[in-house]
Amino acid sequence: DDVSFTLVELPTTGPVLATRAEGAIGEPLRIIASWDVAEIVRAGHPSVLLGGLAARIVSELVSLGGSAHWLTVAGEVWKGDDAGPDLRPRWDVALNRLRKKLRAAGIRQDLVSMDGVGQVVLSLGKADEVEDRT
């Protein structure tokens, strides 16, 4: 049907660089959540310390059991603040910054994600552990 294909030969040696690690199998994580600080520990890697809003988001998800509507989590993170109509943009910025920190530390991108219908999810693997110190 007037479709053409071009085959090219690529070397199979050398490093293979993934463009996304989402859904990949990673090392088991131990998450220690204590509201203003969250620590993510992996065997053979330096601990990753999160502070501020990133730590509060992770800590809130831990205390809520792993998932909740974004508005519930954001309401607890900014408790006492009258965020009004700018709560969603503040949430999006904080979540994006958290995910960038995780990505920069080599932690799987899907650890904290949105499910497409308003729920924010802390996706734990079978071997992952959480310690709630909130």
Side-chain angles (χ1 to χ4, degrees):
D1 291 341
D2 228 8
V3 176
S4 62
F5 295 94
T6 304
L7 299 175
V8 294
E9 188 174 337
L10 297 174
T12 56
T13 58
V16 177
L17 302 174
T19 56
R20 292 187 76 176
E22 193 166 335
I25 298 171
E27 303 94 351
L29 304 174
R30 182 162 189 257
I31 301 169
I32 304 162
S34 57
W35 192 242
D36 286 320
V37 176
E39 182 179 8
I40 302 174
V41 181
R42 295 175 295 164
H45 297 277
S47 293
V48 176
L49 290 174
L50 301 172
L53 295 175
R56 289 179 180 191
I57 291 170
V58 170
S59 295
E60 196 59 43
L61 287 170
V62 166
S63 72
L64 291 169
S67 69
H69 193 272
W70 76 268
L71 196 51
T72 301
V73 179
E76 290 299 315
V77 169
W78 283 280
K79 197 175 215 161
D81 289 356
D82 183 20
D86 68 332
L87 182 59
R88 182 59 195 238
R90 289 169 71 180
W91 167 258
D92 290 337
V93 168
L95 184 63
N96 284 331
R97 286 181 179 162
L98 166 59
R99 296 189 75 213
K100 283 181 185 178
K101 289 176 184 178
L102 295 175
R103 187 172 34 252
I107 296 172
R108 60 182 186 262
Q109 291 183 39
D110 63 346
L111 180 63
V112 179
S113 60
M114 296 292 292
D115 73 352
V117 292
Q119 293 285 107
V120 60
V121 180
L122 180 66
S123 300
L124 299 173
K126 291 180 181 180
D128 294 342
E129 299 175 14
V130 239
E131 185 177 335
D132 187 357
R133 294 184 184 172
T134 57

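All residue numbers refer to positions in the sequence shown, counting from 1. Basis for what follows: all heavy atoms, side chains included, without hydrogens, waters or symmetry-related copies.
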Under the rule for salt bridge (Lys or Arg N to Asp or Glu O under 4.0 Å), what residues qualify as partners of Arg97, not counting sequence neighbours? none
Tell me which one of Ile31, Leu29, Leu61 satisfies side chain to side chain contact (heavy atoms under 4.5 Å, CB included) with Leu124. Ile31
Shortest non-hydrogen separation from Ser59 to Trp35 and the atoms involved: OG-N, 3.0 Å
Common cluster, Trp91/Val93, ILVMFWY with side-chain heavy-atom separation under 4.5 Å: no
Examine distances only and state if a side-chain atom of Arg99 and a backbone atom of Ser113 form a donor-acceptor pair shorter than 3.5 Å. no
Please name all residues satisfying salt bridge (Lys or Arg N to Asp or Glu O under 4.0 Å) with Asp115, sequence neighbours left out, ordered by chain then number. none
Co-members of Val117 in a cluster of I, L, V, M, F, W and Y side chains, linked at under 4.5 Å: none
Go through Trp70 and Leu87 one step at a time and tell me if the side-chain contact (heavy atoms from CB on, under 4.5 Å) criterion holds. CA-CA 10 Å; Trp70 76 268; Leu87 182 59; 4.1 Å; yes
Could you check whether any side-chain N or O of Ser67 sits under 3.5 Å from a backbone N or O of Val121, counting only pairs where one atom can act as donor and the other as acceptor? no
Of Val130, Ile57, Ile32, the one forming a side chain to side chain contact (heavy atoms under 4.5 Å, CB included) with Val62 is Val130
What about Val37 and Leu122, same hydrophobic cluster or not, with Ile/Leu/Val/Met/Phe/Trp/Tyr joined at side-chain heavy-atom distances under 4.5 Å? no
Under the salt bridge (Lys or Arg N to Asp or Glu O under 4.0 Å) test, residues paired with Arg42 that sit two or more places apart: Glu27
Specify the closest pair of heavy atoms between Arg108 and Gly125, including all atoms of both residues, with the distance to one decimal. NH2-N, 3.4 Å
Same apolar cluster: Leu95 and Leu64, side chain cutoff 4.5 Å: yes
Below 3.5 Å, can you tabulate the donor-acceptor pairs from side chains in residues 47-56 to any protein atom, sequence neighbours excluded?
from: Ser47; atom 1: OG; to: Glu39; atom 2: OE2; distance (Å): 3.0
from: Arg56; atom 1: NE; to: Asp36; atom 2: OD1; distance (Å): 3.1
from: Arg56; atom 1: NH2; to: Asp36; atom 2: OD1; distance (Å): 3.2

Report the residues that fulfil salt bridge (Lys or Arg N to Asp or Glu O under 4.0 Å) with Glu76, sequence neighbours left out, ordered by chain and then residue number. Lys79
Derivation and outcome, side-chain contact (heavy atoms from CB on, under 4.5 Å), residues Leu102 and Ile40: CA-CA 9 Å; Leu102 295 175; Ile40 302 174; 3.6 Å; yes
Any side-chain heavy atom of Leu111 sitting closer than 4.5 Å to one from Ser123? no
Spell out, as yes or no, whether a donor-acceptor pair under 3.5 Å connects the side chain of Thr134 to the backbone of Ser63. no
